[in-house]
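Below is one structure, written out as structure tokens, with a few remarks after it.
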Amino acid sequence: MITTKTNKWPLIIAGPCSAETEEQTLGTCKMLAETGLVDMLRAGVWKPRTKPGGFEGSGLVGLSWVAKAKELTGLPVGVEVATSKHVESAREFGIDFVWIGARTTGNPFSVQELADALRGSDALIFIKNPMTPDTELWSGAVARLLNVGIKAEQLRLIHRGFSFYGHGAYRNPPVWHIALEMRSRFPDIPMVCDPSHICGNRHRIGEIAQKAADLCYDGLIVESHIDPSKALSDSAQQLTPAALATLIKSIRWRKSTTDNPEFTNALDKLRGQIDEIDSEVIELLSRRMQISDQIGEVKKANNVAILQGSRWANIVERAMSQAKELHLSQEFLKTILEAIHIESINRQNEVMNK
Ligand code: PEP
Ligand code: MN
């Protein structure tokens with residue numbers, strides 16, 4: 001249900017990853033409500049786990065605790081739904097909003113099942129990004145809900161980062177430009193950031209949350225547990241309600257207050273996008289150069305020359321056909337490729353003559 005509470009900007013949603021016990025659910029939710037900084041409460045009762053055998057959620061009894069948390073705090077409550085049965089149960093327990101998890105958004109069969117189950121509902125529906133950085137898949141989930149008559153004003157997007165191969169600074173790197181692309185595709189659907197699942201640990205949540213605020217997101221969804229070290233899921237990333245309050249108070253939301261807010265907002269958003277994309281381009285260039293170094297090693301070991309004309313011609317040819325598709329001028333792309341090629345040759349040269 002849409003209310004002034006659910007339409008607040010910035011919207012702050014908090015709650016445990018999972019409703020584990022009645023005591024933990026109510027205790028956490030009560031403390032969060034008492035901060036006066038939280039607009040809506042979340043708690044998972046069906047947990048999608050990578051491997052069987054972990055804590056898979058408290059199910060229906062958990063739903064009853066979430067419903068009690070609503071009664072106790074007066075705040076709207078939400079759970080994750082992945083099947084039509086979940087939707088039905090959430091409705092029976094008077095749950096105010098639902099979210100579609102990252103694993104589910106990536107599965108069109110499941111999203112369609114949920115859309116069919118949600119037909120006619122006036123609940124607020126949050127759609128997390130899929131595990132893979134695929135704007136089409138995320139857009140497709142939005143389209144499936146709109147197609148069954150869900151109104152755009154009932155929809156919200158959650159940016160929770162994307163799965164990747166290997167270990168890095170984040171559990172799910174944000175790849176901001178994918179989220180920003182979604183925002184420009186659906187300018188009327190608010191987007192909140194989930195720094196908890198992006199980070200996977202408590203330490204960088206503040207940094208990511210501030211970045212989301214800098215990029216003019218519409219709010220945050222953050223995991224909080226009364227005793228994080230004992231949490232049955234996502235223990236490393238949950239904050240105590242007190243730490244959550246400190247975090248929320250520390251964030252500077254960038255809604256402009258100058259004479260012409262529309263102009264400055266638009267400019268801020270665009271500059272934020274540019275900065276993020278630039279830093280990703282630089283990171284990609286660095287990765288590309290590291291691969292060039294490895295190629296240098298392989299060529300050295302096999303006593304093969306650096307320059308192989310046909311390979312370079314193929315690279316240019318492929319880029320030129322991509323340039324057309326992506327509306328980039330061939331001249332521009334050639335300039336960039338040549339600069340990359342020169343640097344790549346220099347790096348290989350260095351490796352081969354070490
Ligand atoms: C969650 O919100 O607890 C959750 C399982 O998130 P995600 O779908 O983003 O992994
Ligand atoms: Mn979680």
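First listed ligand is number 1; within each ligand, the first listed atom is number 1. Computed from a predicted structure; not experimentally measured.
Residue-to-ligand polar distances place K47 within reach of ligand 1: an N/O pair is separated by less than 3.5 Å. For ligand 1, one of its N or O atoms has an N or O atom of E223 under 3.5 Å away. At least one N or O atom of K128 sits closer than 3.5 Å to an N or O atom of ligand 1.
Residues meeting the salt bridge (Lys or Arg N to Asp or Glu O under 4.0 Å) test with R347, sequence neighbours left out: D293.
In this structure, R42 forms no cation-pi arrangement with F97, as its terminal cationic atom is not both closer than 6.0 Å to the ring centre and no more than 45° off the ring axis.
Counting only heavy atoms of the protein, atom 5 (C) of ligand 1 lies nearest to E80 OE1, 3.6 Å. Nearest protein heavy-atom neighbour of atom 8 (O) of ligand 1: A102 N, 2.8 Å.
A single hydrophobic cluster is seen to contain both L155 and I95, as judged by linkage of ILVMFWY side chains at heavy-atom distances under 4.5 Å, directly or through other members.
Using a 4.0 Å cutoff on heavy atoms, C17 counts as a contact of ligand 1.
Closest heavy-atom approach to atom 4 (C) of ligand 1 among the candidates Q238, R42, H197, Q237: H197.
The ring of Y217 has its center no closer than 6.0 angstrom to the ring center of W9.
Salt bridge K211/D214: absent, no basic N to carboxylate O contact under 4.0 Å.
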